[in-house]
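Because the structure is predicted, anything quoted here is derived from the model rather than measured. Residue numbers start from 1 in every chain, and the chains themselves are labelled A, B, ... in the order their sequence lines are given, proteins ahead of strands.
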Amino acid sequence: MASPQKSTELPKTYDPKAVEPRLYEFWERSGFFHEDPDPARPPFIIPMPPPNVTGRAHLGHGSTYTPQDVLTRYHRMLGDNADWLPGLDHAAIATESVLVRELAAQGIARDSLGRDGFVERAWEWSRTTGGTIEAQFRTLGFGPDWQRSRFTMDDGLSAAVRKVFAALYREGLIYRGKRLINWDPKGKTTVSDAEIDHVERDAHLWHIRYPSKDGSFAIEIATTRPETMLGDTAIAVHPDDERYTALIGKRVVLPLIGREIPIVADAAVERDFGTGAVKVTPAHDPTDYEIGLRHTLPMPTIMDADARISDAEIDVGPYAGLDRYEARKRIVDDLRAAGVLIKEEAYRHSVSVSERSGEVIEPLLSLQWFVTMKPLAEPALQAYRDGRLRFVPERYGRTYEQWLENIRDWNISRQLWWGHQLPVWYTPTGDVVVAETEEEAREIARARYGSAPLTRDPDTLDTWFSSGLWPFSILGWPEQTLELQCWYPAQVLITGWEIIFLWVARMVMLGMHFLGTVPFGTVFIAPLVFDAQGRKMSKSLGNAIDPMDLVDRYGADAFRMGILRQMRLEGQEIRFQESRCEEARNFNNKIWNATRYMLSLPEGLPRAMTLPKSADLTVADKWILTRLHDTIVAVSDHFDGFDFGNAADAIWRFVWYEFCDWYVEATKVPENHGTRAAVLSFVWNNAMRLLQPIAPFISEEVWLALPHDGVTIMTATWPDRLEVRVDREAAAAFETQMAASEEIRRQKAALELPLSSRPATRVPGDLSQAALGAISTYSPPISGSTIQIDVNLRGGISGIAVEAPATLLLERYRKDAVRLRREVERSEKTLANRDFTAKAAPNVVAKEREKLEGYRNELARVEKALAAMGETA
RNA sequence: GUGCGUGUAGCUCAGUGGGAGAGCACCACCUUGACACGGUGGGGGUCGUAGGUUCAAUCCCUACCACGCACACCA
């Protein structure tokens, strides 16, 4: 296989634009994303939540899809049978509204095309304009198994949908019934409970008097929706409300209409709210509907599909044809004129709004298809409770549990054309035939009812019905494929919490019902992305950031790293900061330049990836190898635990602060020259592999530029901690050197000496060889009498002295003295406390004594120095 | 209303029952054999408030305050 092209001279600044598209093309062409089922290896399968065919990449994909790509790449390197299964969702409502809008722009009405014509256009649109998000995902470096990409409207997936529908119908779990549903008058379709938002709105509470026919009494009710009075069939009061007990069973007259309705007693009524009496409109309010059922009230609807007042079922006076809001205005006016409007007060309450269209939902009694949820929910709950299904973070499990415990039947029919048409046919006499295909339906109808013409139910299924089958329909179910055998159930599902109900729970229910097992073992709920002020990103607020712009500016690697570093295991949101992408771009540039340095070494890099004998390694070598070992452990553990933020941080720290800041610098010192090329090469090769899942492009580019085995880092093995020698003692010695170097730098800075200067340094006699070595690379030893600076170093070196004029030292000494006195005082007080010495752990007490001694010694030196300079302590 | 989460440096966030941290921003200095998308040093916080447990609390417990979110049939 040909390696991707690359120039021999590395430019001074890393340019992701010159690297990323080329490498992605190389990977995809080489089939590195593709995998076949292999029963011999442990599977690692992630079903990608299929983005809408109308969708565009947004920052939310950064937090939910990047981890999927990271884990897939990680497990591929671990040697697992890893596959990330992509696809697209037909997104019925979204697609249909996009299309209707486009048609309208061309002056075409949806209905004029006819159903077939419209569906044809929808397919055309999906194939051409739709799915641009897949190209965007490529730009982001996401590497799912594109060859296996599926679309929820594909033949196979559609067959699965029909099979599931027919099966559930036969089992009695799908039924057709007249129920109160959520009607979206703008989208002209029903919407499920889970697709409704509750929004606080300013409104009014109107008090209306309903008099008795003979005028002997009246009852006053309060309502926010006076227009629905046209459909009132009762007044309800609480059975224990003494104000009204005498009126229960009596009748009052509906103002403006004149219809007589009863007063009923129902415990659902809140005595303390409003007047304690409520009008009951069973066909247009969920609570009223329940009351209506309990009291067998008539349930006339008074609105049509456009939410206009309609007299189709009952007399609505002169209001027929008015929009619901116009009707409200007119009715309030008329009530006022009639003298029955008692009060109008400002009132803030929450209204139900369609998530999709933003339109206020109209509860409406309607004949629809439903799934009985309780029997499906029970096993799904059980699976969670006995640990077969796990949520990360755990708290989301309770959300899942709570919803399943209170589950209501799922309205699955939608009044749309684009989608899976219900596999339901009707005979002229209204008999229902459910079948997987039209031919089967005819056979059934012939057998059951003779040869009657059939008409198909025009409705389509809720989009989530087909996505509920996703983890197995994409594997070929109901065919018993090898994929299904090896890859179901999947290992992990990653998504945002907002679709735990809509999608996750439904996949679990349907997966368990039809395949007997949970569709995935772990659900990782990724944080949602907000702007830096914690506001939701939206077009209307103008605070939305396009990830494509970020890739353009910083590169895909930087975008991925930038967003992952903002993820915290327990976090439920990310306040996105673009500066993190900028930092990550700088990080990549750092990697690039460290690579350039390695390639410029005069001795060159060795071909084989072997380390020198342990005896030949220097302290610096052993330190960086030990750190590499620890980083491999940390990154692996964090990936295993879904802690992407800490995984990214661990690599970051290692690469920048340990490798670049210290080890690379150390290789410039002659004592490290002998081994540096081999160690640099070995460590960097490993570091790039650790980085690969997060920043696939630069890690590949660098890996290929340095000694390596294989054609791509993507299929290289994950770094093995056992192959990296650990030497804690040497590592500690190097860390002492680091501390010494830092202290000398600090001294230089305080003394305003140039960093490059090598001032004479007095060192104490008991200094270790390692520390002495480190110091002598920065400063020559001194002789003669100079003013002495005494400091305490982390790691136990004390008494380094730097030659310097006295005047520059005073301020620093004074500050040190103040700080040290404070510490000595605090420590003495702690140790003087008998409870502390008696009760605290012995090692804690011992450590405190050591600290005190250290502070006292240091303070003594500083005071001595001050005294020598004529200061009184 | 019920439940969940969050309050730590100017900003975004780590963290720990025993001497308060990172990055960015800010200040000063530095073109030292890769990197100014860089290096070095520095200033800056009563760890939301009030109690409690403990020898010891930023961390554990309780209450409160503020913010965010999810559920919920007060019309």
Side-chain angles (χ1 to χ4, degrees), chain A residues 10 12-14 198 205-206 221-225 228 236 268-281 285-291 347 349-350 363 393 395-396 398-399 402-403 406 497-498 500-501 528 530 532-535 554 558 565-566 568 570-577 579-580 582-602 645-646 649 652-653 657 660-661 664-665 668 742 745-750 752-757 822-823 826-827 830 833-841 843-845 847-848 851-852 854-855:
Chain A
L10 299 185
K12 194 170 167 182
T13 304
Y14 177 64
H198 299 278
L205 192 60
W206 286 278
I221 58 93
T223 182
T224 54
R225 301 197 56 199
T228 60
V269 179
E270 285 289 329
R271 276 177 281 183
D272 300 333
F273 188 87
T275 61
V278 60
K279 61 192 264 322
V280 181
T281 321
D285 181 275
T287 312
D288 293 4
Y289 176 68
E290 297 296 327
I291 295 174
Y347 183 61
H349 72 144
S350 85
R395 66 188 133 90
Y396 290 111
R398 289 194 289 277
T399 308
Q402 201 183 344
W403 188 70
N406 300 306
W497 49 257
E498 81 278 16
I500 291 178
F501 310 142
L528 259 40
F530 295 85
Q533 283 81 51
R535 297 172 306 179
Y554 309 111
R565 288 221 311 145
Q566 295 181 64
R568 292 299 145 189
E570 292 290 328
Q572 65 178 7
E573 67 173 45
I574 291 174
R575 296 198 175 186
F576 185 80
Q577 301 203 104
S579 61
R580 290 310 194 93
E582 192 181 333
E583 289 168 37
R585 178 202 60 188
N586 298 351
F587 175 77
N588 291 336
N589 197 50
K590 191 78 182 171
I591 290 174
W592 191 246
N593 278 290
T595 308
R596 288 178 64 221
Y597 167 76
M598 291 165 62
L599 290 170
S600 73
L601 290 178
N646 276 319
D649 275 343
W652 186 288
R653 273 196 303 274
Y657 306 124
C660 291
D661 282 356
V664 168
E665 290 309 315
K668 294 173 183 174
E742 281 176 336
R745 285 199 297 245
R746 222 170 284 138
Q747 294 290 350
K748 288 181 191 171
E752 296 179 4
L753 297 169
L755 198 59
S756 56
S757 70
R822 206 167 47 218
E823 293 292 0
R826 185 201 56 76
S827 192
T830 305
N833 184 344
R834 231 173 257 136
D835 285 326
F836 173 74
T837 47
K839 293 181 185 173
N843 63 317
V844 170
V845 178
K847 198 176 149 205
E848 193 60 43
K851 282 194 295 192
L852 178 57
Y855 293 141

Checklist entry - With nearest nucleotides of RNA chain B determined for A:R395 and A:V844 from heavy-atom distances, which residue corresponds to the more 5′ nucleotide? => result A:R395
Checklist entry - Taking N and O atoms by type only, does the side chain of A:K668 place a donor or acceptor under 3.5 Å from a partner on the base of B:A34? => result yes
Checklist outcome for this item: Whole-Å distance, A:K839 NZ to B:U54 P, equals 8 Å
Next on the checklist: Which nucleotide wins on minimum distance to the side chain of A:F501, given the candidates B:A70, B:G33, B:G23?
Outcome noted: B:A70
Item to check | Complementary nucleotide of B:U32, counting Watson-Crick and G-U pairs under 3.5 Å | outcome: none
Checklist entry - With respect to the phosphate group of B:A75, does any side-chain polar atom (N or O) of A:Y347 fall under 4.0 Å of OP1 or OP2? => result yes
Checklist entry - Do the side chain of A:E665 and the base of B:A34 come within less than 3.5 angstrom through a donor-acceptor pair of N or O atoms? => result yes
Checklist entry - For the side chain of A:D661, counting heavy atoms from C-beta on, which of B:G23, B:G39, B:A34 is nearest? => result B:G39
Checklist entry - On a whole-Å scale, what distance lies between the P atoms belonging to B:G18 and B:C60? => result 12 Å
Item to check | C1'-based separation of B:C47 from B:U8 [nearest Å] | outcome: 4 Å
Checklist entry - B:C35 base to A:K590 side chain: any donor-acceptor pair below 3.5 Å? => result yes
Item to check | Carboxylate-amine/guanidinium contact A:R568 A:E573, below 4.0 Å | outcome: no
Checklist entry - Any idea which of B:G18, B:C37, B:A36 is nearest the A:K851 side chain? => result B:G18
Checklist entry - So A:Y347 and A:F273, would you call those rings parallel, tilted or perpendicular, with 30° and 60° as cut-offs? => result perpendicular
Checklist entry - With respect to the side chain of A:R580, which nucleotide from B:U12, B:A14, B:C71 is positioned closest? => result B:U12
Checklist entry - If you check the A:N833 side chain, which of B:C55, B:C24, B:A14 turns out closest? => result B:C55
Checklist outcome for this item: Checking B:C35, B:C37, B:A75 against the side chain of A:R585 (C-beta onward), the nearest is B:C37
Item to check | Phosphate contact (B:A14 OP1 or OP2) by A:N646 side-chain N/O below 4.0 Å | outcome: no
Checklist entry - To the side chain of A:N593, which of B:A34, B:C55, B:C73 is closest? => result B:A34
Checklist entry - Considering only B:C13, B:C55, B:G18, which nucleotide approaches the side chain of A:D835 most closely? => result B:C55
